[in-house]
Amino acid sequence: HLVVIWSELQFDPIRTPNLSSERLELAVNAISQVYSFEELTKQLHTTFQTIAELFSVDLTEKQGTGARVMRFIEANCRNQSLSATNTAEYFQISLSYLSRLIRQECGMTFNSYVCTLRMEMACELLIYTRMTIQQISAQTGFGERHYFSRVFRREIGCTPSEYRKQKRALLDSVNRTS
């Protein structure tokens, strides 16, 4: 059903101007990679949250430029070519103004914010899917697996494989006790 929803929505930009087909496609693809009922339940929950978020964001003139910029970054952070320069060009603002907006909205630099978003997605994919490290690297906008692993270790404190193993072991132990 989600594939049908996705195919219908991606072609209606008027009804869903904030729809990130990449974000929805990632959620749908993640469902096909699960290997347990608990994982399927969690992934379906995440997918439906994604769909709800995509419909709830109202990019009207009431929203400030800062909020629109943040939504744009969130929707496009999987794109490896996303940069502060092309984001500023898209919104027709200067790089320094873009930097101020992002710092006001989240207290981070552009690159830190994008990295944080990508790490959050990578962590979820590592725990709840069977995707390879290479696939996750590509899906989250890092591109090259070795670069992804290096950034992941710096930000999270362990390799992606170690993280997956630790978190799945924790989930398994919680599931056995409940």
Can you tell me if R164 uses its side chain to pair, donor with acceptor, with the backbone of R130 under 3.5 Å?
no
Ignoring hydrogens and geometry, is there a side-chain-to-backbone donor-acceptor pair from S137 to I133 under 3.5 Å?
no
Does the side chain of [Y] come within less than 4.5 Å of [X]'s, by heavy atoms?
{"X": "F152", "Y": "R118", "value": "no"}
{"X": "I93", "Y": "L101", "value": "yes"}
{"X": "K167", "Y": "L171", "value": "no"}
{"X": "I73", "Y": "F110", "value": "yes"}

Please report the closest heavy-atom contact between [X] and [Y], naming both atoms and the distance.
{"X": "L98", "Y": "A84", "answer": "CD2-O, 3.2 Å"}
{"X": "M121", "Y": "C77", "answer": "CE-SG, 3.2 Å"}
{"X": "M119", "Y": "I156", "answer": "SD-CG1, 4.0 Å"}

When you group the ILVMFWY residues by side-chain heavy-atom contacts below 4.5 Å and let the links chain together, are [Y] and [X] in the same group?
{"X": "L117", "Y": "V69", "value": "yes"}
{"X": "L126", "Y": "F142", "value": "yes"}
{"X": "L82", "Y": "Y97", "value": "yes"}

Spatial distance of atom [atom1] ([X]) from atom [atom2] ([Y]) [nearest 0.5 Å]:
{"X": "T140", "Y": "N79", "atom1": "OG1", "atom2": "CG", "answer": "12.0 Å"}
{"X": "T65", "Y": "Q92", "atom1": "OG1", "atom2": "CD", "answer": "11.5 Å"}
{"X": "C123", "Y": "E120", "atom1": "SG", "atom2": "CD", "answer": "8.0 Å"}
{"X": "Y128", "Y": "R168", "atom1": "OH", "atom2": "CZ", "answer": "10.5 Å"}
{"X": "Q134", "Y": "H146", "atom1": "CD", "atom2": "NE2", "answer": "8.0 Å"}
{"X": "S149", "Y": "R154", "atom1": "OG", "atom2": "CZ", "answer": "12.5 Å"}

Is it the case that T159 and S161 place a side-chain donor and acceptor less than 3.5 Å from each other?
no
Can you tell whether the side chains of E74 and R71 come within less than 4.0 Å, N to carboxylate O?
yes
Partners meeting side-chain hydrogen bond (donor to acceptor under 3.5 Å, both in side chains) with T109 (sequence neighbours left out):
S112
Run the ring pair (Phe, Tyr, Trp, His ring centres under 6.0 Å) test against F72 and tell me which residues pass, sequence neighbours left out.
Y90, F91
